Structure formats: structure tokens, C-alpha cells
*Asks:* 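Mind having a look at this structure? Questions to follow.
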Amino acid sequence: MADYSDNQSHEEDLEHSTRRSFFKQSTAFGAIALTPAALVRAAEHQWDEKIADVFEKMPLNIEVNGVKHSLKVEPRTTLLDLLREQLDLTGTKKGCDRGQCGACTVHVNGVRINSCLSLAVSNEGKKITTIEGLAVGDNLHPMQDAFIRHDGFQCGYCTSGQIMSAVALVKEGRTHSREQISEFMSGNICRCGAYSNIVKAIEDVKNSGL
Amino acid sequence: MNPFTYVRATETSGAIRALGRDSHFLAGGTNLIDLMKMGIVTPEKLVDITHLPLKHISRTPTGLSIGALCTNSEVADHPLVLKHYPLLSMAFNAGASPQLRNMATVGGNMMQRTRCPYFFDTALPCNKRVPGSGCGALQGYNRMHAIFGASDQCIAVNPSDMSIALTALEATVHIQGARGGRILPFADFHRLPGDTPEKDNVLEPGELITSLTLPLPAFPDHVHYLKIRDRTSYAFALVSVAAALQLDGGNVRAVRLVMGGVAHKPWRLEAAEDFLRGKPATVENFRQAAYLAMQGAKAYAYNQFKLTLAPNAIVQALKTASGVTA
């Protein structure tokens, strides 16, 4: 990497000094749990240079598809970007990136959410399941199998989100009618319009008692 | 998204102390993270409050207490809410998508910003986003906008479905600040735009919503939340109506009517309630109540249709809630 320009270093120092004063305050409050003790100590001793790179990222312990990770993430990183860019789990798709399309749907502690609107750091200690975590070896999850059999997709971009949502839907017991399935799948948009086959796939899984 | 410092709070007083200038509490994030990606909100610090112990739903001698960090779906699906406050469940399930309801909290729902397209586009004027810059909607595309209580500074509407039901149920808001707590009627939490449309509500800087309380159940049946929108599901309201009735034989013993999608805050229809109370529950009386509710309504270039849609929605909500069709 090239050296930082003077200007850049100056800006970074300013930024760190703001953060340093905050960390000092936070030790006085005694209520803030984010900061490893070493960082607080470093801040009190004004060891700016040594801890500069640590300040840029936050520690994050997270379990994804049964694998535990101890990571460092920039606070702005969304759970979606963490999965795709840092953990190479690109099955979860980025559609609108604004919580409107559902392509990024994953399960957090068993509950379906939009990973594009969740900061990675706010998932400390959580268990994440992505589309990659559904199959067991070569055996597809029944919902994956049903989507294939019923042609529940065309281009496939929304499919991993649809399947993650559908798996949660069955678990929630919101499959009493086609209307209820449609209503509770409304957070997943399919621009190809495969909706009727998606509903059939979900009914199939529900009827087989899985 | 602008860079920010992330702080995780473990107790309420610490969270309040950690909040500084240009900082925000982070709960579900469904609105805040979106606004940050758009550059509409650019905090220097986020205080993550999701670890605070504000997640209870419990009976109290005077009703039900709901922690501010309960998610929308936790409240909507809770047996006590389904049985005693079904109007609230209906309103929750009319809002957003299942994924968003699993993330969004009750306190965050109260804090969500307007969906006015001029507020969401940083290239356009908006007094709510940049005070003094003007209102783009006033002379612009104002199809989704207010017909009640607007000002020449702002004609945006509050997008929350939950808040419409909580106003109808006469909920109470519990707020904690650095100098102590206070309790507000839910109806006094949101405000009209006036000359300060940048303020959606009466929360002071550094204050945190900690819980809501609902009074003892008064409307366990004869309720309906009617939401009219551009598609069947997952869209903001053009007009919505929360209707709750107590029927005594064929007469209206008690009634609450609140409209959404029409004002900067949940819009309670007191004149309509006063008219209906004690009268026979008939469609003719529902129509007269709707007529009274619409007095003072003012439409703009593209939302004239709401002047017809809103009274029809009031009548329909009352018909569905009461079961009266003639």
C-alpha cells in the first residue's frame, strides 16, 4: 500500500481524537460494553498510532451456517455485505439494498430478516443461516427441491431470498391458504413473476408435513 | 454511508449518557440504516440499544406493558395482544413485510420518518430534511400527502400503521431522559408540522422511549383496521382507518376512530366519535359520522381522490367492525 498523504493522516488523527475522547468518557460511564479493555487502556494512555487500525474495525463473533467466526468489521458493513464480501457466501443476493425486495433474506436466530438493513456489528453472538446452510451435503432442503420441481423461478436472482423466506413461513405456520401464503411472502419480490409456482412449491412442502 | 462510531449499550442510563450530538439510537435499523444509505441522516455515532432489557410484554394492574424493543411481529403475534387488543395485531400485520416486522421495534416504529418522496431525495427541497429549504410536495407530486393538519411548510404524512391503532387504543408512552422519566398519552407523542416540520414528535434530544402501556382491554371484538393502498400488500397507506366499537344491542356504546395516511400524525376523528356514541349502529349513521369526520379536509393537486376515499373507508371500516351492513 502507498503511504497516506499528509492531508489524509491529519484527517484520520482528528477522527481518532474524537473517538478517543469518547472512549475516555465511556469508561467513566461504565455502561458501554463494546470496547475491549485493552482499547480503553490504550486510549487513556494516548497510544493513538498503535491502535489506529483497531479503531477502524469492531470485533464481531458470529456463527454462520454452523461455523463460528471471530471477525473484525467496519461498523458501516451490513450483514449482507459481510456475508458476500468477507465470508464469500454469495448465495444471498443484493437486490435493492434498501429492504424493499427481499433478495437478501437470511435467518438470524431462526427468524427471517432483510440482511441489507442490519449492521453486521449489531449481530454479535447471533446465529445466521443463509441459503448455503440449508442443504445437508448433496441433499437439498425440501423447499429447494420443491422450487426446482415446481419451476419456482426464472432468472433465479430472487430465489435464495424466496426460499429463505418460504422456509421461515412454513415454520411460522402461515400456510393455511394461498392468500395467506401470498400475504406473508409479500416481502419477496420476483420480477419474473414466478409467484404462482412459488406458492405451489410452498404448498407442496407444507402438505408433505415438513 | 458516512463513517460513524458504533457503541453498544448494556443498560438504559448508559445508552442515554452515550448519546451525544449528531448521534442516534439504533434498534431494528429498518428505517435508520435506509436513511443513512440515502445520505438523509448522517450520524457521527450510533448507540446500539438492542441489548437493553426493554423486551417484555406483560400484564399490569392497569392493562398491558410492552417494552420498546419488542419487534413488531413479537407484539402482533403475542397471545395477550391477539386476544385482548386484536386491532393492534391487525395494524401491525398491515405494515411492511414479515422480514421487516421481525426487525423493526415498537419504539423504532414510533420514530420512523415520513415516506414523502421529497424528504427522500436529497436533490430536492424539503423543510423536514433541511429546514428553510422549502416544501417540494406543496406544488409537486403530492398524491400520497396530507388532507388534514398540514402547514405551508410541510404536507407529509406519518407512515406508521401501528401508531394509528395505538392512538385508537389510547396507549401511553414511557420516556426516559438524563434528568428522569416522563409519561405521555400516545396521541400527544407525534405532532403537526406547523413551522417546525423537522420535528416529527415531542421527544427531546437524549430521550429514549422505554415502553408503552395499553389500558385494560375495552375493544376485544368489533374492531377493524382497514388499509387502502396501491397494491394488495407491502405498501404504505393512501388512507387507513382504525375502528373500534362497543355495541350494546344495536347501539354504539363506545367508539374510537383514527385515520392514517391523511396527516402528519395519527388523525383521531373525534367529531365522528361524538356523533356515533349512543346512536344506533346503522350504515346511515356511519355515513353521517364520516361526513362529520371530513370537515376541514383540504386536498392538493394530486390527492383530491382522498376526499372521497377517506369517508368511504371510514364507513367500510365501521361496517366491517360492527358487522352491520344496512
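Below, read A as the first sequence line, B as the second, and so on, with proteins coming before strands; counting in each chain starts at 1. All values derive from a computational prediction rather than experimental measurement.
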*Asks:* With only heavy atoms counted, which part of B/M38 is less than 4.5 Å from chain A, the side chain, the backbone, both or neither?
*Replies:*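 Only the side chain of B/M38 comes within 4.5 Å of chain A.
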*Asks:* Pick from A/E172, A/M185, A/Q100: which one has the most heavy-atom pairs with chain B under 4.5 Å?
*Replies:*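 Maximum pair count with chain B is reached by A/Q100.
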*Asks:* In terms of heavy-atom pairs under 4.5 Å, which option from A/A168, A/C116, A/S182, A/G102 contacts chain B the most?
*Replies:*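 Highest number of pairs under 4.5 Å: A/C116.
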*Asks:* Please determine if B/E74 and B/R101 form a salt bridge, counting it only when a charged side-chain N lies under 4.0 Å from a carboxylate O.
*Replies:*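 Salt bridge: no.
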*Asks:* Quick check for you: among B/H51, B/M103, B/M36, B/M1, which has the greatest number of heavy-atom pairs under 4.5 Å with chain A?
*Replies:*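 Winner by heavy-atom pair count: B/M103.
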*Asks:* Less than 3.5 Å apart, which donor and acceptor atoms pair up between the side chains of residues 18-28 of chain B and the rest of the protein, not counting sequence neighbours?
*Replies:*
unit_1 : atom_1 : unit_2 : atom_2 : d
B/S23  : OG     : B/G20  : N      : 2.6
B/S23  : OG     : B/G20  : O      : 2.4

*Asks:* Please identify, among B/D48, B/L32, B/N2, the residue contributing the most non-hydrogen atom pairs under 4.5 Å to chain A.
*Replies:*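 Ranked by contacts with chain A, first place is B/N2.
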*Asks:* Using a strict 4.0 Å threshold on nitrogen-to-oxygen distance, state whether A/R178 and A/E203 make a salt bridge.
*Replies:*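 So A/R178 pairs with A/E203 through a salt bridge.
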*Asks:* How about B/T30 and A/N114: does a side-chain donor come under 3.5 Å of a side-chain acceptor?
*Replies:*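 No, no side-chain donor-acceptor pair sits under 3.5 Å.
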*Asks:* Once side chain to side chain donor-acceptor pair (under 3.5 Å) is applied, do any residues pair with B/K227, and if so which ones, sequence neighbours excluded?
*Replies:*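 Listed in chain order: B/D161.
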